[in-house]
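Read through the structure below, which is laid out as structure tokens, and then see the notes.
Residue numbering restarts at 1 for every chain, and letters A, B, ... go by the order of the sequence lines.
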Amino acid sequence: MSQSNLKSMFSNYVDKESVFKNKDALTTNYKPDNILHREQQINDLGSILAPSLKGNDPSNVFLYGSVGTGKTLIVKHVKGELKTVAKDKDIDLNVLYINCKMKKVADTEYRLLAKLARQLGEDVPSTGLPTDEIYNRFFEALKEQKGVVIIALDEIDALVKKVGDEFLYNLTRINDDLDETKVSILGISNDLNFTEYMDSRVKSSLSEEEIIFPPYNAIELREILKERTDKAFVDDALKDGVISKCSALAAQEHGDARRALDLLRVAGELAERSETDLIEKEHVDRAQDKIERDRVVETVRSQPKHSKLVLYTILDMTEDEDKIATGDVYSEYKDLCTEVDVSELTQRRVSGLISELDMLGVINAKVISKGRYGRTRQISVDLSESIRGQLEKMVEDNFYLEDE
DNA sequence: AGTCCACAGGAAGGGCAGGCGA
DNA sequence: TCGCCTGCCCTTCCTGTGGACT
């Protein structure tokens, strides 16, 4: 694009009417005034946590529901209301909220405790201290608090699967050693079978109360989207059927409201870029494709270099063959390592990397037995040509640059 | 009924980077 | 500076296993 073209593009962009009135209304951080189809859960959580306003420690609660079923939204909403009332009536009440899945922030026991301590006003280093020291500092900070402290741990299943449930046990027992502070845990899990991973002692004390968040159905999603579109888009920006299409697609995908909102937002962005002021169904299809592509590419980008090499090998091999086995991948991968002059990892590690790529949803791997011919993973790739191309290019660029 | 393949996947631990406290 | 800590990536060693073959 020449410089004058760019200039006119910018100028057109400024002059053009946007389809969006307030794009924030379609993001996950947006707090709608009216939360639809979750009255029951709000009331349940509210009544469980209400005793905290009288200085009593509420029961520990566990919220279950898959991605995009409104758990986080409801917790933040109830947290806000609680804090407002506590402030009005001058009650000692603190609610901490932490997402345990945030990389480099709260994805280990140490980081979680450090983050909690920091939220209580303690100054702690991000690394370097022994874990029991960080625990002590957190404990001291709690002591200072007085009143009730509710600790909301979002995506707690991810952390427990990673580091075990020891830290949860410690947290649930912390009240035994505190006099003036009362701690209550609010766990939020995407995995409904999560408690299977936990020790029964932790399980019973943590899930004194449980609230289930069922997936939204297509009709509920449509109402949610309708409400948000009125705020997010200018009038007449959407063609008929766009909202229904977004809701239907998201309903298929486990009733995920987040996905529905993303679809609508990206469809709007795509429409805007294609210089039209009407969002059509076709934009939703393209949005679906773009979201998936961005997700996969970003996931792979953050993987270690050998994971990229293994994926590259798999992509290359599945061009010709539908399904391949771990052993085949490993020998091809070794050749690739020689080619790019990188020392190869062991089969054990490569096996682990394949399993990680499977869990991340980048490839499909299924353990099968071929009887006399052993047990292996059957690996296949279900990605569109454009995603494949983008991934291959990323790895090629990566290693070309590292060679220099 | 027993064997045996080709791995899966758990456990333990090494080595390194980044960081703290004395 | 040194000793120590955690997190991360990785290796080594190991046991487990579904089902075709004998």
Distances under 3.5 Å only, N/O to N/O: pair up the protein atoms with those of nucleotides 9-11 of chain C.
| residue | atom | partner | partner atom | Å |
| --- | --- | --- | --- | --- |
| dC10(C) | OP2 | Arg349(A) | NE | 3.2 |
| dC10(C) | OP2 | Arg349(A) | NH2 | 3.3 |
| dT11(C) | OP1 | Thr346(A) | N | 3.1 |
| dT11(C) | OP2 | Thr346(A) | N | 3.0 |
| dT11(C) | OP2 | Thr346(A) | OG1 | 2.8 |

_Results of ring pair (Phe, Tyr, Trp, His ring centres under 6.0 Å) for Tyr64(A) - residues two or more places apart only_ = Phe62(A)
*Specify the residue among Arg377(A) and Gly374(A) whose closest nucleotide of DNA chain B lies further upstream toward the 5′ end.*
Gly374(A)
*Among residues 309-324 of chain A, which contact DNA chain C at a heavy-atom distance under 4.0 Å?*
none
*Mind jotting down which residue pairs meet the salt bridge (charged side-chain N to carboxylate O under 4.0 Å, His left out) criterion with at least one end in residues 217-226 of chain A? Sequence neighbours excluded, please.*
Lys226(A)-Asp230(A)
Sequence neighbours left out, cut at 3.5 Å: what donor-acceptor pairs do the side chains of residues 181-189 of chain A make with other protein atoms?
| residue | atom | partner | partner atom | Å |
| --- | --- | --- | --- | --- |
| Thr181(A) | OG1 | Leu142(A) | O | 2.8 |
| Thr181(A) | OG1 | Lys146(A) | N | 3.4 |
| Lys182(A) | NZ | Gly55(A) | O | 3.4 |
| Ser184(A) | OG | Pro58(A) | O | 3.4 |
| Ser184(A) | OG | Ser59(A) | O | 3.4 |
| Ser189(A) | OG | Asp191(A) | N | 3.0 |
| Ser189(A) | OG | Asp191(A) | O | 2.9 |

*Whole Å only: how far is the CZ atom of Arg372(A) from the C1' atom of dG2(B)?*
12 Å
*asked:* Less than 4.0 angstrom between a side-chain N/O of Arg375(A) and OP1 or OP2 of dC5(B), yes or no?
replied: no
*Using a heavy-atom distance cut-off of less than 4.0 Å, which residues of residues 359-371 of chain A contact DNA chain B?*
Val367(A), Gly371(A)
*Using the test ring pair (Phe, Tyr, Trp, His ring centres under 6.0 Å), find all partners of Phe233(A) that sit at least two apart in sequence or belong to another chain.*
Phe20(A)
*Between the main-chain N or O of Leu315(A) and the side-chain N or O of Arg388(A), is there a donor-acceptor pair closer than 3.5 Å?*
yes
*Report the distance from atom CG of Asp358(A) to atom P of dA8(B), rounded to the nearest whole Å.*
11 Å
*asked:* So Val61(A) and Asp44(A), do their side chains get closer than 4.5 Å, heavy atoms only?
replied: no
*Show the numbers, then the answer: is there a salt bridge (charged side-chain N to carboxylate O under 4.0 Å, His left out) between Glu356(A) and Arg349(A)?*
CA-CA 10 Å; Glu356(A) 279 168 35; Arg349(A) 182 66 190 132; 3.6 Å; yes
What's touching nucleotides 13-21 of chain B from the protein side, N or O pairs under 3.5 Å?
| residue | atom | partner | partner atom | Å |
| --- | --- | --- | --- | --- |
| dG18(B) | N2 | Thr127(A) | OG1 | 3.2 |

*Under-4.0 Å side-chain N/O to phosphate OP1/OP2 contact, Thr376(A) with dA6(B)*: no
*Matching residue for Ile224(A) among Ile219(A), Asn34(A), Leu36(A) - test: side chain to side chain contact (heavy atoms under 4.5 Å, CB included)*: Leu36(A)
_If the condition is side chain to side chain contact (heavy atoms under 4.5 Å, CB included), which residues does Ser66(A) pass it with, not counting sequence neighbours?_
Thr69(A), His254(A)
*Could you pull out all residues at least two apart from Asp262(A) that satisfy side-chain hydrogen bond (donor to acceptor under 3.5 Å, both in side chains)?*
Arg265(A)
*Mind checking what makes side chain to side chain contact (heavy atoms under 4.5 Å, CB included) contact with Lys89(A), not counting sequence neighbours?*
Val85(A), Ile91(A)
*Kindly write out the residues that satisfy ring pair (Phe, Tyr, Trp, His ring centres under 6.0 Å) with Tyr135(A), not counting sequence neighbours, or none if the list is empty.*
none
*In terms of side-chain heavy atoms of Thr326(A), which of dT17(C), dC7(B), dA20(C) is nearest?*
dC7(B)
*Any idea which heavy atoms bring Arg228(A) and Thr27(A) closest together, and the distance?*
NH1-O, 3.8 Å
*asked:* Expressed as a whole number of angstroms, how long is the span from Tyr110(A):OH to dT6(C):P?
replied: 9 Å
